[in-house]
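First comes the structure, then the notes that go with it.
Chain letters run A, B, ... following the sequence lines, proteins first, then strands; residues in each count from 1.
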Number of protein chains: 2
Amino acid sequence: MSDVSSIPPRPGLPAGAGAAAERRDAARNRERLLAAARELIADCGAEGLTMDRLAEHAGVGKGTVFRRFGSRAGLMLTLLSESEADFQARFMFGPPPLGPGAPGMERLISFGAERISYVMEFGDLVLAAEHASRGRFEAPAAVLWHRHIEILLREEGFGPDPWLMAGSLAATLDPERLLSLVKVHGVSPERLTASWRDLVTRVVRGA
Amino acid sequence: MSDVSSIPPRPGLPAGAGAAAERRDAARNRERLLAAARELIADCGAEGLTMDRLAEHAGVGKGTVFRRFGSRAGLMLTLLSESEADFQARFMFGPPPLGPGAPGMERLISFGAERISYVMEFGDLVLAAEHASRGRFEAPAAVLWHRHIEILLREEGFGPDPWLMAGSLAATLDPERLLSLVKVHGVSPERLTASWRDLVTRVVRGA
DNA sequence: ATAATAAGCGGACCGTAGTCCGTTTAGATG
DNA sequence: CATCTAAACGGACTACGGTCCGCTTATTAT
């Protein structure tokens, strides 16, 4: 496994602040790699993207790819990070009913609905991002959703074990499951959303 | 991906019946391989078992291993098949409250409890069996549990979409999640079982 | 401008799952 | 027993993710 702490600082941060700034050539290579990755995914799908092909297509060495992103999953995560951050911002700070201001119940329902939409849009990328790194349940984003659901459950006065129940509800939104339902069984996203609403309603109802 | 239909017939069937019987040397090699696999797993854990090492340890060629089991996941599945079949028999034909005879509600609760025990006992094997083959939700065993839960839900008069709800409940018992909870977060299996009971109760209660 | 330093770089290398195909052999047939 | 054929065999081969380490270069200090 790669050492997470060795992954260089994110772009977009104020250049002077924090740890040592990124070298020019490194930044240029990152842009090249991301562009090449998006291109390859557009052409061959996320599964068709291999690290060797990416390196070649971007005109850099393979070592550089891994230095940048740590792993294939890390690359996919980077590709997703923009939309991911957007999603997180929306459910934490955005307008109701997803964001604060609506009752917990409605926020829970919205959360599931939005997550389902998200998976429908970025499904294969999400899958590729999960498939590598050890423990999809320890990923920062997953932890955040878990806490979010837990908080909403507590807000609704959920009784015995909000933390575990939050995990169970989150497990219900597993991307691989959602995609399998839609792609293999032809279930409509609307039906998924309805089922989520039903589940949440039953779980929260009465304590 | 390997062609499932090419996997040879199971042992234990009456020798004369059905498709062509298995050749002696093939049978002998399967036994050797299974014995070697169990040995390796006992020594190094399921993760320590590689197909090359298995082939070497069993004194056969690598091709033979794949001819027998199709894939690493197939091998793991074979290793699990005995206990798996036992589990299936118990919830389908065994004594209540797990088997028929008890109310659907109690059978549901028992099902989760037993599944949790099962994962606690064979966790790493189950994980290894899942990790490879495309679509853990299409595996025969998974389909069976899904149907089982669905039937119990219907028996309890569950309303809108028993099939999807059954899938959601099953997703809650995902082995990777359960193992992560126990091994990473130190949650006790009893607490898992209690949470499952709570979830099922809330879901079924009142329609 | 020059030297010093650390970050970045490339691609050979490794372990693993899975495939391919020429060779061997069990078991059926006469 | 001799022959024949399909199944089984073995191990070289591929593709892939990931690591390693000696070389190069951007940046900073003098």
Side-chain angles (χ1 to χ4, degrees), chain A residues 1-9 11 15-16 19-33 36-37 40 44 46-77 128-134, chain B residues 1-9 11 15-16 19-33 36-37 40 44 46-77 128-134:
Chain A
M1 283 305 119
S2 60
D3 182 358
V4 171
S5 68
S6 76
I7 291 179
E22 187 180 40
R23 248 166 63 169
R24 285 271 175 74
D25 52 348
R28 190 201 55 199
N29 275 340
R30 178 176 42 236
E31 291 317 310
R32 269 194 205 172
L33 281 166
L40 280 177
C44 325
E47 298 146 29
L49 185 154
T50 74
M51 300 306 259
D52 292 86
R53 296 223 295 159
L54 174 59
E56 189 191 8
H57 195 281
V60 305
K62 194 178 180 178
T64 304
V65 183
F66 281 90
R67 158 169 287 268
R68 281 291 87 132
F69 304 108
S71 69
R72 200 179 114 98
L75 167 66
M76 298 301 183
L77 230 51
E130 279 190 343
H131 198 55
S133 110
R134 270 263 157 248
Chain B
M1 284 300 123
S2 61
D3 182 357
V4 172
S5 68
S6 75
I7 291 178
E22 188 179 39
R23 250 167 62 169
R24 285 272 174 72
D25 52 346
R28 189 202 54 202
N29 274 340
R30 178 176 42 236
E31 291 318 310
R32 269 195 204 169
L33 281 166
L40 280 177
C44 327
E47 299 147 27
L49 186 156
T50 74
M51 300 306 257
D52 291 87
R53 295 222 295 160
L54 174 59
E56 189 191 9
H57 195 283
V60 305
K62 193 178 181 179
T64 304
V65 183
F66 280 90
R67 158 169 288 269
R68 282 290 85 137
F69 304 109
S71 68
R72 199 178 117 98
L75 167 66
M76 299 301 184
L77 229 51
E130 279 190 342
H131 198 58
S133 110
R134 266 267 156 246

>> In whole Å, I'd like the distance from the CG atom of B/Leu33 to the C1' atom of D/dA8.
In response: 12 Å
> Counting distance only, does the side-chain N/O of A/Arg68 pair as donor-acceptor with the main-chain N or O of A/Leu33 below 3.5 Å?
Replying inline: no
Return the polar atom pairs (N/O with N/O) between nucleotides 27-30 of chain D and the protein under 3.5 Å, or none.
unit_1 : atom_1 : unit_2  : atom_2 : d
D/dT27 : OP1    : A/Arg24 : N      : 3.4

> So, is B/Asn29 near the phosphate of D/dA8, with a side-chain N or O under 4.0 Å from OP1 or OP2?
Replying inline: no
>> Measure CZ/A/Phe66 against C1'/D/dC21 and give the value in whole Å, please.
In response: 16 Å
> What residues, two or more places apart in sequence or in another chain, satisfy side-chain contact (heavy atoms from CB on, under 4.5 Å) together with B/Leu75?
Replying inline: B/Leu34, B/Ala37, B/Leu49, B/Met51, B/Leu54, B/Phe69, B/Leu79
> What is the distance, rounded to the nearest whole Å, between atom CG of A/Leu75 and atom C1' of D/dG18?
Replying inline: 14 Å
> Out of D/dC9, C/dA17, C/dA7, which nucleotide sits closest to the side chain of B/Met51?
Replying inline: C/dA17
> Within the structure, does a side-chain N or O atom of A/Thr64 lie under 4.0 Å from either OP1 or OP2 of C/dG8?
Replying inline: no
>> Filter on salt bridge (charged side-chain N to carboxylate O under 4.0 Å, His left out), then keep only pairs touching residues 48-61 of chain A, sequence neighbours left out; what's left?
In response: A/Asp52-A/Lys62
> Which of residues 52-62 of chain A sit near DNA chain C, with a heavy atom under 4.0 Å from it?
Replying inline: A/Val60, A/Gly61, A/Lys62
>> Looking at B/Arg28 and B/Glu22, is any side-chain nitrogen of the basic one under 4.0 Å from a carboxylate oxygen of the acidic one?
In response: no
> Can you give the dot-bracket line for DNA chain D, where a pair is Watson-Crick or G-U wobble with both atom distances under 3.5 Å, crossing pairs use [ ], and | marks a partner on another strand?
Replying inline: ||||||||||||||||||||||||||||||
>> Tell me the interatomic distance from B/Arg67, atom CZ, to C/dC20, atom P, rounded to whole angstroms.
In response: 13 Å
>> Using every non-hydrogen atom in the two residues, find where A/Ala128 and A/Arg72 come nearest and quote the distance to one decimal.
In response: CB-NH2, 3.6 Å
>> Whole angstroms only, please: what is the CG-C1' distance between A/Leu49 and D/dC16?
In response: 12 Å
> Could you state the CZ-P distance from A/Arg72 to D/dG17, rounded to the nearest angstrom?
Replying inline: 6 Å
> Within this structure, what is the CZ-to-C1' distance between B/Arg68 and C/dA17, rounded to whole angstrom?
Replying inline: 19 Å
>> Output the rounded distance in Å from CZ (A/Phe69) to P (C/dC9).
In response: 11 Å
>> Taking side-chain hydrogen bond (donor to acceptor under 3.5 Å, both in side chains) as the definition, give me every residue that meets it alongside B/Arg23, ordered by chain and number, with sequence neighbours left out.
In response: B/Asp25
> Looking only at heavy atoms, what is the nearest atom pair of A/Ala73 and A/Ala129, with distance?
Replying inline: CB-O, 3.3 Å
